[in-house]
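The analysis underlying the following values was restricted to heavy atoms, covering all of them including side chains, and did not include hydrogens, waters or symmetry mates. Below, chains carry the letters A, B, ... as their sequence lines are ordered, and counting in each starts from 1. Nothing here was measured: the structure is a model prediction, and the numbers come from that model.
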Amino acid sequence: MSHKLSEGSLEVIMHGGLYDKPIMQVIGSKKIQGSGVNERFRLMVSDGKHTHTYAMLATQLNDKLISGELSDYSIVQIDRFVTSLVKNPGKAEKRVMIILDITIIVPGNQIGKTIGNPTSWSEETAQAPPASTMQPEQKLKATPTTSAPRPANAPSLDSSLLSTQMTHPIISLSPYQNKWVIKARVMSKSGIRTWSNAKGEGKLFSMDLCDDSGEIRATAFKNECDKFYDMIQVDKVYYISRCQLKTANKQFTSLKNDYEMTFTPDTVVAECMEDASCVPQVKYEFIPINEIADKGPDTLLDVIGVCKMASDVQELTARSTGKLLKKREVTLVDATGAICLTLWGNSAETFDGNAHPVVAAKGVRVTEFNGSKSLSCLASSMVRHNPDLPRAHQLRGWYDNGGADLDVVNISARAGAGGYSGSGEWITFSEAEGRQLGSGNKGDYFTSLGVLTFTFADNAVYKACPQDQCNKKLLDQENGLFRCEKCNREYPNYKYRLLLGAHVSDPSGDQRVTAFNEAAETILGRHAADIGRLFEYDKPAYAQMFDDVKFNTYVFKFRTKMEVYNDEARLKTVVMSAQPVDYKDANSRLIKSIKALSGVDV
DNA sequence: CCCCCCCC
C-alpha cells in the first residue's frame with residue numbers, strides 16, 4: 001500500500017510560504033523544554049523529499065504524543081500551522097514550524113519505517129523558493145503605511161491587508177517565534193500599579209487578551225506603561241506585534257496559556273478599526289456552583305449565577321498589612337446551588353445587587369473557611385453584570401420563572417466554629433432525647449428536619465466589637481463611642497452580628513434554639529449588616545423579614561448540651577447550620593425509613 | 001522587571 005506524502009511541501013513552508021494541509025510523516029520526536037504544562041516537543045517530519053527537525057508541536061497537542069497516538073512513522077495531515085524565524089545570538093536565523101492542528105491518517109505501527117529517502121533540509125542547502133510561493137513577510141512589507149506609530153522595519157499594520165491568514169492565533173505564540181501579529185480583544189485591563197523592592201522600583205499595568213484560538217496576559221512596564229495605558233481600552237480589538245514571550249506563572253493567572261507577553265520598546269499596537277465581531281468576547285469556562293464544593297482552596301475558576309442577595313459594603317482592617325479594606329459579599333445562585341462571592345475595593349463599592357443581576361466572574365479564587373467553600377475576587381478577577389451570553393440569558397429566565405423561590409444548597413453556609421461531626425442521619429427531637437444527647441460534658445451534634453415555628457425578633461441583632469476575633473456585644477456610651485468589655489476599649493465603629501432565638505418543631509416536639517451569626521444569616525436570608533440597617537432605619541421591613549421565614553423548613557444541624565442555670569438543668573441547643581431542604585435527599589431518607597418500619601419494599 | 005489580592 002502506498003502512502004502519498006506532500007513531496008516538496010517542506011521546502012515551500014520553510015521559505016515562509018503557504019501550503020494547505022500538507023501530508024507528512026513523523027520520523028521522530030524530542031522533548032525540548034520544561035515539564036508539566038511547560039513541556040514542549042519538537043518533531044522530525046518528512047514530506048518524502050526532505051526531513052526537518054524544527055517542527056514544534058503546540059502544547060495543546062502534547063497529549064497526542066504522550067499517549068502514543070502520534071507515534072514515530074505516523075502519517076499525518078497538518079491541518080493548521082504557522083512558521084516563524086527564530087534568531088539565536090551568534091547563529092543564523094532559523095525558521096521553525098509550529099503545528100497547531102494535526103490529523104493522524106495512518107498510525108506509525110502500520111508503517112514501521114521511513115517512507116522514501118528524504119534528505120535533511122536546511123537553509124544553506126535550500127534552493128531559492130519556487131516562484132509561486134507567497135511570503136507573508138514580504139507581502140506585509142509591501143503594504144501601505146498606516147498612521148500607527150511603528151519602527152521603520154516593523155510589519156505594516158494596515159488592517160485591510162491583515163487578513164486572518166496574516167495574523168497569528170494567540171495559541172501559537174511562543175518564545176520560539178518573534179515575527180507575529182495578533183488580532184486580539186482586550187478582556188480586561190488592570191490599573192497602573194507601582195512597586196518598590198530590593199531589585200528596584202517601577203510601574204506597570206497588565207491586560208488580558210483573547211482571540212478565537214485562546215487568551216494571553218500582556219504586561220507593560222515603565223515606559224511602555226506610560227506609552228500604552230491610555231490607548232488600551234477594554235473590549236476594543238487591537239493588532240499587536242513585537243512583544244517578548246515568557247513562561248507564565250500559573251499561580252497568578254487563570255488564563256489558559258503557558259506563556260505571557262511583555263511589551264518592549266519595539267512593541268506595536270494599532271486599534272482594529274474595521275468589523276472585529278469575529279474576535280470573540282471574554283472566554284469563560286463556567287462550572288456549576290455545586291461543583292465548586294469539590295474544588296480545593298486557591299483554585300482559580302469561572303462562575304456565573306444570579307445575585308440572590310448582596311451585603312452592604314463592610315470596612316475592615318487587614319490583619320497582615322493594616323490596610324483598610326472594603327468588601328461586599330454577594331450570594332450567587334444557579335439551579336445546582338448557591339455560593340458566596342466576596343468583592344473587594346472599588347468593585348465592592350460599585351456593585352448593585354438590587355435588581356438581582358446575573359453575575360459572571362472569571363478567575364475568582366476558591367477559599368475555605370470553617371470547612372465550607374466560598375469565592376473571593378483577586379485583582380486579576382473579572383466580574384461582569386448581565387453579560388450578553390447565552391448562559392446568562394438562560395439563568396435570567398430560570399431565576400425569573402421560579403428559580404428565585406427555589407431553595408438550593410448554599411455551599412458557603414458555614415458549619416460554625418465547633419465543626420459538625422454528626423453521622424449524617426436525621427433524627428427527631430424525641431429521638432435525640434431518647435439517646436440522652438447533650439448529657440455529656442462536651443455537647444452532642446445531631447441533624448433534624450424541622451420547621452421554624454417562632455423567631456424572637458426583638459434582640460436578634462446587636463452591635464458587636466469591630467475587632468476581628470471579638471464578637472462581644474458593645475455598650476453604647478451615648479457619646480458616639482461604644483465600649484467593649486472584653487477588649488477593654490472604646491470604638492467609634494461596630495459591626496452587626498446576629499443572635500437569633502427561635503423555636504423549631506418536628507413531628508415529635510418543639511425545641512427552643514439559638515442561632516448565632518452565620519446560621520442566623522442563612523435562616524433570615526440576609527447578611528447581618530443588612531439586618532442591622534433594617535433594624536435602625538426600616539422597622540416594618542425588619543419585622544416583615546421575621547414573618548417571611550416563619551414556617552420555613554430547614555435541615556438543621558444542632559449542637560446540644562445540658563446546662564445548669566439557676567440550679568435548673570436545661571438543654572441548650574445551638575443551630576450550627578440551617579440548610580434549605582434538598583427534597584431528593586429528603587425523600588430517599590423517607591423511603592428508607594418507611595422500608596425499615598414496614599419491611600415493605602416501596 | 002509584577003505576582004499585592006486582604007476579613008470572618
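- Nearest nucleotide to the F369(A) side chain, out of dC6(B), dC8(B), dC2(B): dC8(B).
- One atom, CG of N249(A), and another, P of dC3(B), lie 12 Å apart when rounded to the nearest Å.
- As a whole-Å value, the separation of K472(A) NZ from dC8(B) P is 19 Å.
- Note: Y494(A) and F482(A) have perpendicular aromatic rings, judged against thresholds of 30 and 60 degrees for the angle between ring planes.
- As a whole-Å value, the separation of L378(A) CG from dC4(B) P is 12 Å.
- When the side-chain nitrogen and oxygen atoms of R497(A) are compared with OP1 and OP2 of dC8(B), none of them lie within a distance under 4.0 Å.
- For S381(A) and E368(A), each mapped to the nucleotide of DNA chain B holding its nearest heavy atom, the one lying further toward the 5' end belongs to S381(A).
- Computed from coordinates, the Y494(A) OH to dC8(B) C1' distance equals 19 Å when rounded to whole Å.
- A donor-acceptor contact under 3.5 angstrom links the side-chain atoms of E260(A) to the base of dC2(B).
- Dashed line: the shortest gap from a side-chain N or O of N197(A) to OP1 or OP2 of dC2(B) is under 4.0 Å.
- Contact annotation: R365(A) reaches the phosphate of dC6(B) (side-chain N/O to OP1 or OP2, under 4.0 Å).
- Under the 4.0 Å criterion applied to side-chain N and carboxylate O atoms, R384(A) and D302(A) are not assigned as salt-bridge partners.
- Within 6.0 Å of the NZ atom in K473(A), the count of heavy atoms belonging to other residues, nucleotides or ligands does not exceed 12.
- Remark: S376(A) is in phosphate contact with dC6(B), judged by side-chain N or O atoms under 4.0 Å from OP1 or OP2.
- Within the nucleic acid shown, K222(A) comes within 4.0 Å of at least one base atom, counting heavy atoms only.
- Straight-line distance from the CG atom of L325(A) to the P atom of dC8(B): 10 Å, rounded to whole Å.
- The NZ atom of K323(A) sits 11 Å away from the P atom of dC6(B) (whole-angstrom rounding).
- Rounded to whole angstrom, the span from the CD atom of E315(A) across to the C1' atom of dC8(B) amounts to 16 Å.
- Taking the six-membered ring wherever Trp is involved, the centroid distance between the rings of H527(A) and Y496(A) does not fall below 6.0 Å.
- Rounding to whole angstrom units, CZ of residue F516(A) and P of dC8(B) are separated by 19 Å.
- No donor-acceptor contact under 3.5 Å links the side chain of E201(A) to the base of dC2(B).
- Put simply, the side chain of Y239(A) does not reach to within 4.5 Å of the side chain of V269(A), judged on heavy atoms.
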